[in-house]
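In what follows, chains are A, B, ... by sequence order, proteins preceding strands, each numbered from 1. Scope of the values below: all heavy atoms of this structure, side chains included, with no hydrogens, waters or symmetry mates.
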There are 2 protein chains.
Amino acid sequence: MTTDIRPLRADAQRNLERILASARALFAERGPAAQMEDIAAHAGVGVGTLYRRFPTKEALVTALVRERFQQFGLIAAECERIEDPYDALATMMRRHAESTEGDVAFQLAMLKLNDFHWEGIEQDKAALNAVVSRIIERAQAADQVRADLAVEDYGMMMCGVTATMHFMSERHEWRRHLDLILAGLKPS
Amino acid sequence: MTTDIRPLRADAQRNLERILASARALFAERGPAAQMEDIAAHAGVGVGTLYRRFPTKEALVTALVRERFQQFGLIAAECERIEDPYDALATMMRRHAESTEGDVAFQLAMLKLNDFHWEGIEQDKAALNAVVSRIIERAQAADQVRADLAVEDYGMMMCGVTATMHFMSERHEWRRHLDLILAGLKPS
DNA sequence: GGTCAAGTGGAATCGAGATTCCGATTCAGG
DNA sequence: CCTGAATCGGAATCTCGATTCCACTTGACC
């Protein structure tokens, strides 16, 4: 259906990689406002080439956002292996934030996650949610976080931390924000 | 220098008020993306009329943001009169958030406060900061919030709450966010 | 009720970017 | 080496809003 089973021509494959690398770099640095012409130039190709691979700018951004979002799942899975229940939760939040830190476009993407749509996004979200749920419940069972903390709160808290990261001028201020939030999670 | 001391002609004054009302309504509803033509139409005037009062869209937005920002100062001053030191801080945060709730453009403006410039913005910020400082220090003196809470944290915390308000779908979720943050402020 | 500076409406202009087009190139297979 | 489908490049086109312009009104003052 959707698939050209045939692999890309060698030069096209090479160009695709350069385009992705340039897009990652420029969106990370300038946010979603980075321009298609600039990305093409940075990759050393014409805009036409870029549009041959991605029908719209949105498709390109989405591909990159998805890529990173899936890393969130991996991070969560890794943190689930941490023995200390509270540490597992705190570390997951910190590592999720850290993986967002260098990418301005991704920060905004996480804030506006609802605006994104890709094949299987629901599964991706559900998978992440499942792990987060387990981590939260484990910490609750150990009586290390308030019993009323819900999975839905996770997105909310990360939204706050990400906003600090994105909008406030001082770099690393978000770590302070995360600390305050973590303090608020202790059982009352 | 800058001032036409002469008052506006009666019809112009009337139109100015309608323009401001329409701009408040549309920016509040659609955010800063609300279009100049729409605002003019909503006010029942031509775009030219609108541009006669405000040289650019930015000037119009800034005027409205400033207006609301100054209310922040009033709110803070009112909250300073609350006897209970903790309640004063908590109520101020809640009321600041509430005054932001209905206005999408203002939410974004607070998030990007650094992008705004108006005559005396520094004074406005300093005045607000002074009150917030006093409220925080009073709560600390009463040993009701952690001793290391700083004025700079106030903007950060409000940034998080405002981001939740602006980006998350569920209305009023920000109240939950604020509760978590307030919980984190208790002395450890 | 006459004058004119202030005010008005809204079509036309501009600028910034995304997206399209198509003649010129370049790989892959034989 | 030949051929054709896949790729390229990048100028030209399109779109969408903000902003400008100016012939036409209107309120204020005599």
Quick test of your reading: applying side chain to side chain donor-acceptor pair (under 3.5 Å), list the pairs with at least one residue in residues 88-97 of chain B, sequence neighbours left out, ordered by first then second residue.
B/Glu78-B/Arg95, B/Asp87-B/Thr91, B/Arg94-B/Glu98, B/His96-B/Tyr154
Is there any side chain to side chain donor-acceptor pair (under 3.5 Å) pair reaching into residues 99-111 of chain B, and which pairs are they, with sequence neighbours excluded?
B/Arg68-B/Asp103, B/Glu101-B/His172, B/Glu101-B/Trp174, B/Gln107-B/His166
Apply ring pair (Phe, Tyr, Trp, His ring centres under 6.0 Å) to A/Phe106 and list each qualifying residue two or more places apart in sequence or on a separate chain.
A/Phe72
Side chain to side chain donor-acceptor pair (under 3.5 Å) with A/Asn15: which residues, sequence neighbours excluded?
none
D/dG9, OP1 or OP2 - any side-chain N/O from A/Thr49 closer than 4.0 Å?
yes
By salt bridge (Lys or Arg N to Asp or Glu O under 4.0 Å) - contacts of B/Arg53 (at least two apart):
none
Report the secondary structure of DNA chain D in dot-bracket form, marking unpaired bases with a dot and bases paired to a different strand with |, and treating Watson-Crick or G-U pairs with both distances under 3.5 Å as paired.
||||||||||||||||||||||||||||||
Please enumerate all protein N or O atoms sitting under 3.5 Å from an N or O of nucleotides 18-21 of chain D, with distances to 0.1 Å.
| residue | atom | partner | partner atom | Å |
| --- | --- | --- | --- | --- |
| D/dA18 | OP1 | B/Lys57 | NZ | 2.4 |
| D/dA18 | OP2 | B/Met36 | N | 3.1 |
| D/dT19 | OP2 | B/Tyr51 | OH | 3.0 |
| D/dT19 | OP2 | B/Lys57 | N | 2.9 |

Could you list the donor-acceptor pairs under 3.5 angstrom formed between side-chain atoms of residues 177-188 of chain B and any protein atom two or more places apart in sequence or on another chain?
| residue | atom | partner | partner atom | Å |
| --- | --- | --- | --- | --- |
| B/His177 | ND1 | B/Thr164 | OG1 | 2.6 |

List the atom pairs, with distances to 0.1 Å, where a side-chain N or O of residues 31-51 of chain A and a protein N or O form a donor-acceptor pair under 3.5 Å, not counting sequence neighbours.
| residue | atom | partner | partner atom | Å |
| --- | --- | --- | --- | --- |
| A/Asp38 | OD2 | A/Arg30 | NH1 | 3.1 |
| A/His42 | ND1 | A/Ser22 | OG | 2.7 |

List for me each residue that meets side chain to side chain donor-acceptor pair (under 3.5 Å) alongside A/Asp11, sequence neighbours excluded, and say none if there are none.
A/Arg9
Set of side chain to side chain donor-acceptor pair (under 3.5 Å) partners for A/Glu152, sequence neighbours left out:
none
Please tabulate, one pair per line, each protein N/O and nucleotide N/O from nucleotides 23-25 of chain C that are separated by under 3.5 Å, including the distance.
none

